[in-house]
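Data block below; observations after.
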Protein chains: 2
Amino acid sequence: MASFREQKIARKKREILRSAAAVLAEKGYHGTTMEEIAAQLLMTKGSMYYYFKNKDDILYHCHQMIMELSLEKIEEVAGSNLNPDDKLQSAIKAHILLSIEEKSMFMIMDKPSQKFTEDQLKEVLDAQKKYAHFFDQILNEGVEKQVFEILDIKMVRMIILGALNSIQHWYNHDGPQTGEEIAYAYAANLLKMVVKPSLQK
Amino acid sequence: MASFREQKIARKKREILRSAAAVLAEKGYHGTTMEEIAAQLLMTKGSMYYYFKNKDDILYHCHQMIMELSLEKIEEVAGSNLNPDDKLQSAIKAHILLSIEEKSMFMIMDKPSQKFTEDQLKEVLDAQKKYAHFFDQILNEGVEKQVFEILDIKMVRMIILGALNSIQHWYNHDGPQTGEEIAYAYAANLLKMVVKPSLQK
DNA sequence: TTGAAAATTAAACATAAATTTAAAAAATAA
DNA sequence: TTATTTTTTAAATTTATGTTTAATTTTCAA
């Protein structure tokens, strides 16, 4: 079990990662200084190094944090016993809602840093493959159950994930549309791409 | 008319932009040094400043170069007298083929630099709006001519452009698929999203 | 061939920011 | 309270690299 102190450190680390993600998303990796990350938390940059090895380590842990969250969600949806179309709809919605809720974290995810260690890079790429695989699984299931008609699963997955992963770039929390609305519209449109015409609702 | 010398300068500038785009795409803005850009052309970093004001100026002109190319293509397609579905297909294919051919340039486009001047930023954003507008125009025309069925044009355009703009991140020139194949598959799938079911080929 | 303009260069300059360090402050347990 | 450990800090260090400069080389027209 985690001691009180360990919990406290873990909380502080999460605070730092959130603060960092916010700045990183807005200003980019090299536009973001350790000082800025620290300042948001009323700390000095020096103490960042008490919690993280260096700046890249912070970025890596941001990736890790959001990857874990994403995988949890998709795993749950993929493992549910929904019909293929409802399952795909759920997966799309879950992805969008998370990407909006955690907009900053998602925005820094587009490309793994060139400075990650080999292990870190592998972790990130593996998680992405894993995530993609869950989508493929859902699409495959739909084809097997004759609900979907798909020529090339991988291509369709690329289209879907590509569309989903651009939302955080334009979504604005103060804008007119709610995340729910966007999620609903995206799901409805993307499903048209795969659901057999004869089965379209 | 451009003098011989002016042409030569223009050519050199293009060479620098291409060299820069290649490094920028691979290593990111701050991972790219002026020295590296120059070295690829067997020049020294100092002479970069004979052609461009500074590093951001180079990045800006990369944006400008690719925006011009993109707008030319989409303008041509949008202005053609193809049927709405063929027109959308052409637009999608043109976008994909250009994004693959000019992969580096497209990769650095995802977010305008925080360091652009106000004017530069405006130019970039305006061009993007203009580009998006051509797509909206094509979609609208399809609806008017009752070939497409679209609830929310803007949303559909976002989905399409989001999907298209992710290709350069995973596309590999040495990979198994040709640009043509990808373009064809993307167009076929995305069209399913908008063409009335009764008219699907 | 020659000299002015254009282009290139090496070296100097400037600065920004990541990281380290050693000391101070705060927290905690005895 | 007091001693020990944890956490925070300010300042020093280091490094990297964008930009400037002044001198040199190249180009090209007369």
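As the structure is a computational prediction, the values presented were derived from the model and not from experiment. Every chain is numbered from 1 and lettered A, B, ... according to where its sequence line falls, protein lines coming before strand lines.
- DNA chain D is contacted by no residue of residues 24-40 of chain A, taking any non-hydrogen atom closer than 4.0 Å.
- By the 6.0 Å contact criterion, CZ on F116(A) is enclosed, its count of non-hydrogen atoms from other residues, nucleotides or ligands being greater than 12.
- Relative ring orientation between H95(A) and F135(A) is described as perpendicular, the plane-to-plane angle rising above 60° on a 0-90° scale split at 30° and 60°.
- In this structure, the side chain of T32(A) engages the main chain of G28(A) through a donor-acceptor pair within 3.5 Å.
- When all heavy atoms are compared, the tightest approach of M105(A) to I108(A) is O-CG1, 3.1 Å.
- If you measure from atom OH of Y49(B) to atom P of dA22(D), you get 17 Å, rounded to the nearest angstrom.
- For E26(B) (side chain) and V23(B) (main-chain N/O), no donor-acceptor pair under 3.5 Å exists by modelled atom type.
- Remark: aromatic rings of H30(B) and Y29(A) are distant, center separation not under 6.0 Å.
- For the pair K73(A) and Y131(A), the cation-pi test (distance below 6.0 Å, angle within 45°) is failed.
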Salt bridge (charged side-chain N to carboxylate O under 4.0 Å, His left out) between E6(A) and K13(A), intermediate numbers included: CA-CA 10 Å; E6(A) 279 165 342; K13(A) 281 190 176 180; over 6 Å; no

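- In 5' to 3' order, the nucleotides of DNA chain C bounding all contacts with chain B (an atom under 4.0 Å from a heavy atom) are dA6(C) to dA10(C).
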- prompt: Yes or no on salt bridge (charged side-chain N to carboxylate O under 4.0 Å, His left out) for K130(B) and E75(B), after CA distance, side-chain angles and deciding distance?
  reply: CA-CA 10 Å; K130(B) 210 167 156 190; E75(B) 205 157 355; 5.3 Å; no

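- Between E102(B) and R18(B) there is a salt bridge, since a side-chain N of the basic residue sits under 4.0 Å from a carboxylate O of the acidic one.
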5' to 3', nucleotides 6-11 of chain D under a 4.0 Å protein heavy-atom cut-off (B base, S sugar-phosphate only, - none) gives SBBBS-

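- Distance CG (N54(B)) to P (dT21(D)): 14 Å, rounded to an integer number of Å.
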